[in-house]
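What follows is a short report on a single structure.
Residue numbers begin at 1 in each chain, while the letters A, B, ... track the order of the sequences.
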Protein chains: 2
Amino acid sequence: MATKETKRRGRPRSFDRETALEQAMRSFWEQGYEATSISDLTRTMGISAPSLYAAFGDKRALFGEVVTEYGRVYGGFLSRAVAEEPTARRGVERALREAAAEYTLPGRPRGCLVISAALNTAPASAEVAESLREMRLANVRDIQRAIAADVASGALPATTDAAALAHYVGAVMQGMSQQARDGADRATLEAIAELAMRAWPRTAGEKRTGGGEGEGVREKRKKETGPRPGA
Amino acid sequence: MATKETKRRGRPRSFDRETALEQAMRSFWEQGYEATSISDLTRTMGISAPSLYAAFGDKRALFGEVVTEYGRVYGGFLSRAVAEEPTARRGVERALREAAAEYTLPGRPRGCLVISAALNTAPASAEVAESLREMRLANVRDIQRAIAADVASGALPATTDAAALAHYVGAVMQGMSQQARDGADRATLEAIAELAMRAWPRTAGEKRTGGGEGEGVREKRKKETGPRPGA
DNA sequence: GTTTTTCTGTAGCGAGCGATACAGAAAGCG
DNA sequence: CGCTTTCTGTATCGCTCGCTACAGAAAAAC
């Protein structure tokens, strides 16, 4: 990453670009894309409108950078969990547990930016809404792929509907994000996550309670896909 | 309900108020409260702005009427299911199944208005967002009450955490609404609903598959609470 | 008929939106 | 030192927002 070229000419920028981007992210994360105005942004970023436009282009481009940064720093836990854990079950279990924590961490907006920042958009912002929607769908596909792999390997019953199970997990994560925004605390979300995992398919000779495994795949699975934010 | 008083004086209204309200509901349902402008409304309702303000007050009051009408016609299925079915399990099962259908019915906006119409609001619309949030919380409390009753009657294990289970159901419904808005079809939502019910607590001697009952309460439960929309 | 009441359409209010023109300030380069 | 380049602050732009003043139209009341 070439962040700083040799030495730029002209008057140097008087604010820290990354800090400003972080502040913009907080605003979009809290209020959503459309409800966050340019004057909201200039106030929280501590810069004037022309500086904002010079540094980031326009509102949509700024939001694009925000989403990228969000995925890199905050929203990648789902892809990471699914990619790093040896089975889909452990990946999803971990992702749901981490979501309960991430969505309620003090000192940052609640819930997931990708899930909640571009709902209820006017037609003018349809593109933005569509891009986040596609990120959500990509995450569901990620989960689905891991599940299908475990069905193929025998770690999950052959009768498992991978698409349905993946959509179920996606729905639960979206519901957790909304509940977090509605005020649910971490313990409540963790209880939801734990309950959600009770719907996970069990192989033939599997006990109900205890951290039942029942997988066939043992070695760490490592995907080539990078982390992807949200759910 | 006194809809039509004797004979009103003055020039009669040139449009049907209920039809206009229905059109307004569609707009708010599709785009949400803030993203729906007055000119959107006047266009879809087929009336001019002064007529709208004369008939409904202002935008917020119109939305209030819309929400009431929505709850009466479309969103009451959860309260109804929970109130009419003999056990919490059957009530929730029915509500989730109906949600899968309701959220994807052709010819109407997808998902639930109460869940999705006032997310990402600017501070100016905080009151509206808060009112819908309270409706969602009230629905969770409805579910929780039914669950707690079944725990008390022995239809559910004494170890059941009624609040956690109710929040789980609420999260699943909110997730289903979002998935519907993201394009999921009815079959996908029904699969989510069915999977979600596999997390339902089982009493001691309960079989896994088949429409297992295992309740203690047999007679229809009839609550005094009226239907309440959304989830 | 005339009067009174209520609704309708035009036209426009102040405010905020996203975005910018412009001139001055602050740096490197020669 | 100029000269060029880039950023900053002021002061807007045109547009849409929610909302309404006003005059005319259409009904009941007299």
Side-chain angles (χ1 to χ4, degrees), chain A residues 4-21 23-24 27-28 31-66 117-118 120-129, chain B residues 4-21 23-24 27-28 31-66 117-118 120-129:
Chain A
K4 182 159 286 184
E5 304 165 11
T6 64
K7 208 43 179 283
R8 312 255 308 133
R9 235 158 72 127
R11 178 173 177 174
R13 186 176 285 127
S14 67
F15 60 94
D16 182 59
R17 197 177 185 281
E18 291 197 18
T19 304
L21 185 61
Q23 290 309 112
S27 295
F28 281 130
Q31 302 198 325
Y33 174 74
E34 279 195 324
T36 302
S37 68
I38 298 292
S39 70
D40 284 337
L41 291 168
T42 55
R43 188 177 349 100
T44 63
M45 297 166 86
I47 63 178
S48 64
S51 298
L52 187 157
Y53 280 87
F56 299 101
D58 62 0
K59 188 184 178 186
R60 191 167 302 189
L62 170 59
F63 185 72
E65 278 200 53
V66 159
N120 308 139
T121 55
S125 309
E127 281 183 37
V128 174
Chain B
K4 183 159 286 184
E5 303 165 12
T6 62
K7 209 38 179 287
R8 311 255 308 134
R9 231 157 76 127
R11 178 173 176 174
R13 187 175 285 128
S14 68
F15 59 93
D16 182 59
R17 198 176 185 282
E18 290 198 18
T19 304
L21 185 61
Q23 290 309 111
S27 294
F28 282 130
Q31 302 198 326
Y33 174 74
E34 279 194 325
T36 303
S37 68
I38 297 292
S39 70
D40 284 338
L41 291 167
T42 56
R43 187 173 355 96
T44 63
M45 297 166 85
I47 62 179
S48 63
S51 297
L52 187 157
Y53 281 87
F56 299 101
D58 61 0
K59 187 185 178 184
R60 190 167 302 189
L62 170 59
F63 185 71
E65 278 201 54
V66 159
N120 308 139
T121 54
S125 310
E127 281 184 37
V128 174

With a non-hydrogen cut-off below 4.0 angstrom, is P12(B) in contact with a base, only sugar-phosphate, or nothing? sugar-phosphate

At 4.0 Å (heavy atoms only), tell me whether S125(A) reaches a base, stays on the sugar-phosphate, or touches nothing. nothing

Separation of dC17(D) atom C1' from Q31(B) atom CD, nearest Å, is 14 Å

OP1 or OP2 of dC7(C) versus the side-chain N and O atoms of S14(B): is any pair under 4.0 Å? no

If you round to the nearest 0.5 Å, how far is OG of S37(A) from CD of Q31(A)? 7.5 Å

Reported CD-to-CD distance for the pair Q23(A) and E18(A), which is rounded to 0.5 angstrom: 13.0 Å

Short side-chain N/O contact to dT8(D) OP1/OP2 from S51(A), under 4.0 Å: yes

Short side-chain donor-acceptor distance under 3.5 Å, S27(B) and T44(B): yes

With a non-hydrogen cut-off below 4.0 angstrom, is A55(A) in contact with a base, only sugar-phosphate, or nothing? nothing

Within this structure, what is the CZ-to-C1' distance between F15(B) and dT6(C), rounded to whole angstrom? 12 Å

Any cation-pi pair here, R17(B) with F15(B), using under 6.0 Å and within 45°? no

Tell me: CZ of R11(A) to P of dC29(C), nearest whole Å? 18 Å

Minimum-distance nucleotide (side-chain atoms of R13(A) versus dT8(C), dC7(D), dA19(C)): dC7(D)

Please give, in whole Å, the distance from dT6(C) C1' to I47(B) CD1? 15 Å

I'd like to know if R9(B) reaches the base of dA29(D) with its side chain, counting only an N/O donor and acceptor under 3.5 Å. no

Grab the NZ-C1' distance between K59(B) and dG18(D) for me, whole Å please. 8 Å

Considering only heavy side-chain atoms of Y53(B), the closest of dC19(D), dG9(C), dA19(C) is dC19(D)

Using whole Å, report how far CD1 of I38(B) lies from P of dG14(C). 19 Å

Taking dC17(D), dT8(C), dA19(C) as options, the one with an atom nearest any side-chain atom of S37(B) is dC17(D)

Residue met sooner reading DNA chain D from 5', once G10(B) and G57(B) are mapped to nucleotides: G57(B)

Compute both the distance and the angle, then confirm whether K59(B) meets the cation-pi test with Y33(B): under 6.0 Å from the six-membered ring centre, within 45 degrees of the axis. yes

What's T36(B) touching, base or sugar-phosphate or nothing? Going by heavy atoms closer than 4.0 Å. sugar-phosphate

Value in whole Å for how far the P atom of dC17(D) lies from CZ of R60(B): 17 Å

What nucleotide, of dT6(D), dG9(D), dG18(D), holds the atom closest to the side chain of P50(A)? dG9(D)

Integer-rounded Å distance: dT20(D) C1' and D58(B) CG: 12 Å

Any side-chain N or O of S39(A) below 4.0 angstrom from OP1/OP2 of dC17(C)? yes

Salt bridge or not between R60(B) and E65(B)? Use side-chain N to carboxylate O under 4.0 Å. no

